[in-house]
Amino acid sequence: MFKTIFYTAATAMAVLTSSVPAFAQESSLGSGDTAWILTATALVLFMTLPGLALFYAGLVRAQNVVSVLMNCFAIACVMSIVWLIAGYSIAFGDGGSGNLVWGGLGKSFLSGVSFDTLSGSIPESLFFTFQMTFAIITPALIVGAFVERIQFSFVIIFSVFWVLLVYAPVVHWVWGGGFLADKGVIDFAGGIVVHVTAGVSALVLAIMLGSRKGFPNDLQPPHNPGMTMIGAAMLWVGWFGFNGGSALAADGSAGMAMTVTHISAAAGAIAWSSVELMLYRKASLIGAVTGMVAGLATITPASGSVGPVGGLILGLAGGVLCFTVTQMVKKKFNIDDSLDVFAVHGVGGALGTLLAAIFVTTSLGGVGLAEGQTVASQLGVQAYGVLAVVIWAALITWILVKVLSTFVRFRVSEDDEEQGLDLAMHGERGYHNL
Amino acid sequence: MFKTIFYTAATAMAVLTSSVPAFAQESSLGSGDTAWILTATALVLFMTLPGLALFYAGLVRAQNVVSVLMNCFAIACVMSIVWLIAGYSIAFGDGGSGNLVWGGLGKSFLSGVSFDTLSGSIPESLFFTFQMTFAIITPALIVGAFVERIQFSFVIIFSVFWVLLVYAPVVHWVWGGGFLADKGVIDFAGGIVVHVTAGVSALVLAIMLGSRKGFPNDLQPPHNPGMTMIGAAMLWVGWFGFNGGSALAADGSAGMAMTVTHISAAAGAIAWSSVELMLYRKASLIGAVTGMVAGLATITPASGSVGPVGGLILGLAGGVLCFTVTQMVKKKFNIDDSLDVFAVHGVGGALGTLLAAIFVTTSLGGVGLAEGQTVASQLGVQAYGVLAVVIWAALITWILVKVLSTFVRFRVSEDDEEQGLDLAMHGERGYHNL
Amino acid sequence: MFKTIFYTAATAMAVLTSSVPAFAQESSLGSGDTAWILTATALVLFMTLPGLALFYAGLVRAQNVVSVLMNCFAIACVMSIVWLIAGYSIAFGDGGSGNLVWGGLGKSFLSGVSFDTLSGSIPESLFFTFQMTFAIITPALIVGAFVERIQFSFVIIFSVFWVLLVYAPVVHWVWGGGFLADKGVIDFAGGIVVHVTAGVSALVLAIMLGSRKGFPNDLQPPHNPGMTMIGAAMLWVGWFGFNGGSALAADGSAGMAMTVTHISAAAGAIAWSSVELMLYRKASLIGAVTGMVAGLATITPASGSVGPVGGLILGLAGGVLCFTVTQMVKKKFNIDDSLDVFAVHGVGGALGTLLAAIFVTTSLGGVGLAEGQTVASQLGVQAYGVLAVVIWAALITWILVKVLSTFVRFRVSEDDEEQGLDLAMHGERGYHNL
Amino acid sequence: MKMVMAIIKPFKLDEVRDALTDLGLQGLTATEVKGFGRQKGHTEIYRGAEYEVSYLPKVKVEVVIEDHLTDQVVETITKTANTDKIGDGKIFVTEVYSALRIRTGETGSDAI
Amino acid sequence: MKMVMAIIKPFKLDEVRDALTDLGLQGLTATEVKGFGRQKGHTEIYRGAEYEVSYLPKVKVEVVIEDHLTDQVVETITKTANTDKIGDGKIFVTEVYSALRIRTGETGSDAI
Amino acid sequence: MKMVMAIIKPFKLDEVRDALTDLGLQGLTATEVKGFGRQKGHTEIYRGAEYEVSYLPKVKVEVVIEDHLTDQVVETITKTANTDKIGDGKIFVTEVYSALRIRTGETGSDAI
Ligand SMILES: Nc1ncnc2c1ncn2[C@@H]1O[C@H](COP(=O)(O)OP(=O)(O)O)[C@@H](O)[C@H]1O
Ligand SMILES: Nc1ncnc2c1ncn2[C@@H]1O[C@H](COP(=O)(O)OP(=O)(O)O)[C@@H](O)[C@H]1O
Ligand SMILES: Nc1ncnc2c1ncn2[C@@H]1O[C@H](COP(=O)(O)OP(=O)(O)O)[C@@H](O)[C@H]1O
């Protein structure tokens, strides 16, 4: 995130950073910045646990609620250790001659990082943990694609490899000084890194796994829309840490990132609800909160670049487009990407990445293009970045599923699917109300 | 908020601000202050989403849970955009010659506010967003008055006008340099601005809308007290951002605001529970958390002025008085202000505003009266402020309902009320547990 | 917390504090530090309300859900006032000649603490409130021992005395300059102070109160594992404030504390789930989140001393040991410590306190032992600290129960236990879904 | 003895119970059920996908009475539960062979 | 065949089931119901407003048996479900015309 | 008239209802119940403690029909609800003395 800014918008940033004197010397700790990133880290963890977990769990049958919560929780635990062992190093290490593609293993187990090692104006231990929360939520987003029918052990094993082979390298490319950073791709908080990677891999997984029994006409409705709304609300609040924290400082950039994030979330919800009102004459709670997530995914890559009006437009565009693609995936392509990960995150993230090239311009209220870039050239860079990552994520996911499913069961038995994964996979039931 | 302090208690504040050197020069960003207000903004949004939404949703029938959540969520989205378009400008713009009554439209769409524009020691974009979270929760508070029987579209349209005509102007009067600020009204975090406006308008709406079918003797009990408690807990935590954040700095004022806020919440809960114990020999969870909210509403206007013992007394007073008024509204006046918005917020906010004049004195542990004020004179000012806002809020609400209800349906049909608003308004059901 | 560090690891800390210049002069407010502790305070309150409350409430019968939530909520309220009246003073006052054992009553009602009084680089009002949140969660932890059968009034009265006679004195011994601080005990965030005190007292209470009807073979399963998971997730997020905030600054110590806390939580969950997988071939959600809490309790005392690898090992050790003890307490000793407070908190806290002596060494990535200490000598000090507190907590709890139960009913009637405490104690029911 | 089993709209339960109490009946048992009938369920739409909910929530009332009360009870329920709208429900009457109060062991009409 | 339908207190279900199993019965069906009877419900008070909850949670046990077991089954349930307190419930016996096991198509006493 | 009462596996409800509709039946009532039978429940383990869950979720279908349809209805349910696995459930048939549609007051076969 901040590295991207250095590469792409150095001039524009000069204005901002002028108010943060500590930045110049790099070596002194900023306690205000540190305070904010400590908080932001808590907020981003909160997005997954329990935010995303609830958001997803409310949308499935009551017999799969434990399973969805457990997927998110287990991913959070295992990915944390994976991030410590190798993920962080691959993403943010110094890859030497191979630095354009990965960061090497020199920082495994945080080797060389002590209490007083800094990363910019914050402790590197903190930067590590902040980034870890991103490495948690990204594979957790994919859960939405395969709920109600996947084998639990497959989820965990797949996620480990996915974080190491898809997520961490892409982080390096975009934020760690890799080839996309080099090109000048704008991705402030993870439109490409988080949402496109997760969205595309989700789609591939959904296709390979096959639909749930009963899809598309005979499914049971979301068992608890209120649970989904609680999760969505936590996602919204946590996203302040996600986008605002990506400034890695408590400054005007963080403030404006929070502002545009909020506006885009609201606009996304309004857009989605408006479409529902037109089509069905009723605005649903699940629709509104889905639109909100679409707005948030869309603003994410652009949240360090655009102004409030940019946020408004991105949110509206994200809400409408994601709704449309949701319909297409289900009805046209007949793919059971069960909780619409691709349509909401993949599409929203890509859309925001492209629109960032336009709304970054100062005339539209943004921070301005990097020196030497035009809207067209920046758009090209953005499209290149999205495309490269789409191909990589799809390819590796496909290979991973092919290979891993020869060792580990991929899909549960029909009986287990019918009975629900809570009992079948975890020996628990979600509700015992007598 | 901070402006009030300048107007009313400049001398007392000198002590506090001395530890925040950045304050003097106004033009340099304080990263510690910014870090705290970034956090406080997240906390206040969290109060509404999902805090207040859950607090209210647990108190209604299971068939209206989605409806209540959706009311709060939709208000949050729409008011955000309204705040961007005009609300913020009306509240905090420079109204020129009319500045005593409103701030004009010069800041619409944050015009003129860029990444590095400051407001005090924090980015103005952040101040805007922090204030936006207040503009969200205030109309959302009113929801408690009309649950289980109002038409969804009316809620949204009414709220838009209400924020523009009631909330934003009152913010200007008290915090934006308007005539109440001029008078020296003390309202640190919104006793008048938030709680009195919402409480009074709620009462008017409840009267005009009429009671729920079955009121008062044949209603169904709150469908999920635990949900209400979760929401209440989030309100408590979030209120730290609400009151502590209103210091607009990370300093002793914020610290003490948090302390007295906490004490008052605890005292309010204890007071309410004690009354219940005396009357019914049992202390209920819903009672305890309602008392907590009463304590919080009561301390809000005074949270920048009083010390811990002041907090304790305000909380106790709020708990007892709000309980009493709850009974009166229902039993004496037979008004179905369904979730007691007036009795808890309106009364608590007004009580705290008045008591602030007493407990602000240094002899009672407060920061001290502004120069030239006596307890009596300050009490007069406070009463004047409350009265002016009560009249304005009641009048405009009455007119709005009269006018809007000729265009938009106000109350749902009896069938829809019976069936529940979840299906009727949103086509969803809250629980599908088989 | 910070005082301990001064006593035990002054040399090691020198490195850390060098980046926080404000520390030296003690008298100037650090707005970054203040921002972080304001946040941390909100996070630790969030751990209890609603975190711990939900964590526990999901584990009981549906007929006791309100009762558990109410226990936690009422404890939060009452302990806040107790802390204001005397608890804080006993813990952090200046006890004069008796300072080795308690802090006296000089700071009752925060006497002498005004808006601008500092404690280190933060306002003392804030330090008071931050510590109050610890004084809330510690007695609330004990709730897990006696759910589903205890008289509500006993809980409250017992907790008041327990905080005054067990918790506040132990805080003074370890963090307030008492005899354990003097010895050089390492307890960064409360392994002894919080977890050992609560765990031991819980065990004593569970034994004295007797088992629930149906224990051990005829109990009903946890009524809502998802609720428990939501609470656990909030505990995890809030624990960042608990351990990270115990640095009392926004610096490298806070950053590393957060890092090791997170790693240990993840490792604890993985350890517990692995044991379950081996024994039962299924990993449960409740198991995973319990392991997480075990990991968190274990790292707590060591979170200011160890590095990431230390965090990993402590988490794994905590997960396995706490699982084992959980089985022993129930199956070997037949004690109905219903929600495993002793096995998870008591044992985890003690384990971490002991292991801190080993993993504090620089060769294992820690901050280093205090001058003059060896691993063996430090281990002796740690064991001494644990032992002293175990004896004190057990003894006082035993006496308190003996004495109080002659005045207040201790256990509910069999009928009330059967019907559930929600109706019997609070006149409410948790779920009304028709 | 007879058992009168009525399937009614949930919000009518209180009225029906009151009416039967007025007849002097001392007890009944109610169950939440799902009704399928001429009155159709509804469709819910989530994210554009349609979910048919083909049943309606109903309440089944079971009350055991002495034979001679049958007509009166059926009539009372019919009158009270009627809203003149589709889905008001049905009343079925079956024969009960014997009845017993667990607490006392009383049988027959003493038991009900 | 007969169907014995017993309305009992929820926490007695396990004991009743065990007792019937001891008699050699292999199956039964239980339903959560709301009981209205001599035993009265309770009042809940929220924010000072009173809510009457007039029913009590009960469990309805339905077990189909061969005719000759009727007395034994009724007796067993009576003994097991008894707490000597009001609200212990009722036992009703009705005639069953035929029975069938879906899995095998067996009918009559083989089916139960 | 007869009442056919079938205890079936929950996920079979939709199929059974469709099959009965095809026979021309216009209504039925379904209840969620707990089944105890030859098919055993399961054990859940929480923190190492074992909890026996001895029942299985089943659905009870009650449909009142004219006498002459009895065999056909029983057969249809048998066929549709069968999975050839233990726990498929039972069908019991009882006599119904009279039926009435609340809305119209119609009785007998017009009422169902
Ligand atoms: N043949 C039947 N057997 C059992 N229950 C029935 C039968 N027909 C209808 N019901 C029940 O009665 C309810 C009402 O029936 P419906 O046909 O919708 O309206 P109406 O009672 O106005 O004719 C249904 O929802 C169902 O529960
Ligand atoms: N006439 C009846 N028909 C159906 N169910 C009844 C009848 N009378 C009582 N019941 C059921 O039996 C339960 C117990 O009855 P109640 O009168 O409270 O106590 P007791 O069984 O001790 O006489 C009631 O809650 C109700 O469910
Ligand atoms: N005698 C009985 N009376 C009432 N219900 C019964 C009886 N026997 C079985 N049932 C119901 O039928 C269900 C299926 O019975 P079970 O013995 O498990 O399998 P199967 O139907 O294959 O013989 C049980 O769960 C229970 O609900």
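Order of the sequence lines sets the chain letters (A, B, ...), proteins ahead of strands, with each chain counted from 1. In this text the structure is predicted, and so the values were computed from the model without any measurement.
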Is chain B contacted by the side chain of [X], its backbone, both, or neither, given a heavy-atom distance below 4.5 Å?
X        : answer
C:Leu69  : both
C:Met79  : neither
C:Pro50  : both
C:Ala57  : neither
C:Met227 : neither

>> Counting only non-hydrogen atoms closer than 4.5 Å, does B:Leu43 touch chain C with its backbone (N, CA, C, O), its side chain (CB onward), both, or neither?
In response: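 Side chain only.
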> Checking B:Met292 against chain C: side chain, backbone, both or neither under 4.5 Å from a heavy atom?
Replying inline: side chain
>> Shorter than 4.5 Å, heavy atoms on both sides: which option in B:Val309, B:Ile263, B:Thr39 has the most such pairs with chain C?
In response: B:Ile263
> Which residue out of B:Leu277, B:Val65, B:Thr34, B:Ile286 racks up the most heavy-atom pairs below 4.5 Å with chain C?
Replying inline: B:Ile286
Looking at [options], which has the largest count of heavy-atom pairs under 4.5 Å with chain B?
options                             : result
C:Phe128, C:Phe109, C:Phe73         : C:Phe73
C:Gly32, C:Ser80, C:Gly51, C:Ser114 : C:Ser80
C:Ile37, C:Leu126, C:Leu38          : C:Leu38

4.5 Å side-chain heavy-atom contact, [X] and [Y]:
X        : Y        : result
C:Ser31  : B:Asp251 : no
B:Gln220 : C:His432 : no
B:Trp236 : C:Cys77  : yes

> Quick one: which of C:Thr48, C:Val44, C:Leu45 gives a side chain to side chain contact (heavy atoms under 4.5 Å, CB included) with B:Val237?
Replying inline: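 Passing option: C:Leu45.
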> Are B:Phe46 and C:Phe46 near enough that their ring centres are under 6.0 Å apart?
Replying inline: yes
Quick one: [atom1] on [X] to [atom2] on [Y], what's the gap to the nearest 0.5 Å?
X        : Y        : atom1 : atom2 : answer
B:Met256 : C:Leu110 : CE    : CG    : 6.5 Å
C:Glu428 : B:Lys282 : CD    : NZ    : 10.0 Å
B:Ser284 : C:His426 : OG    : NE2   : 9.0 Å
B:Thr259 : C:Leu84  : OG1   : CG    : 9.5 Å

Which pair of non-hydrogen atoms, one from [X] and one from [Y], has the smallest distance, and what is that distance?
X        : Y        : result
B:Pro221 : C:Arg429 : CG-NH2, 4.3 Å
C:Val66  : B:Pro225 : CG2-CB, 4.2 Å
B:Ala267 : C:Ile81  : N-CD1, 4.3 Å
B:Met229 : C:Leu49  : CE-CD2, 3.8 Å
B:Gly252 : C:Ser125 : O-OG, 4.3 Å

>> What residues of residues 153-161 of chain C make heavy-atom contacts with chain B at a cutoff under 4.5 angstrom?
In response: none
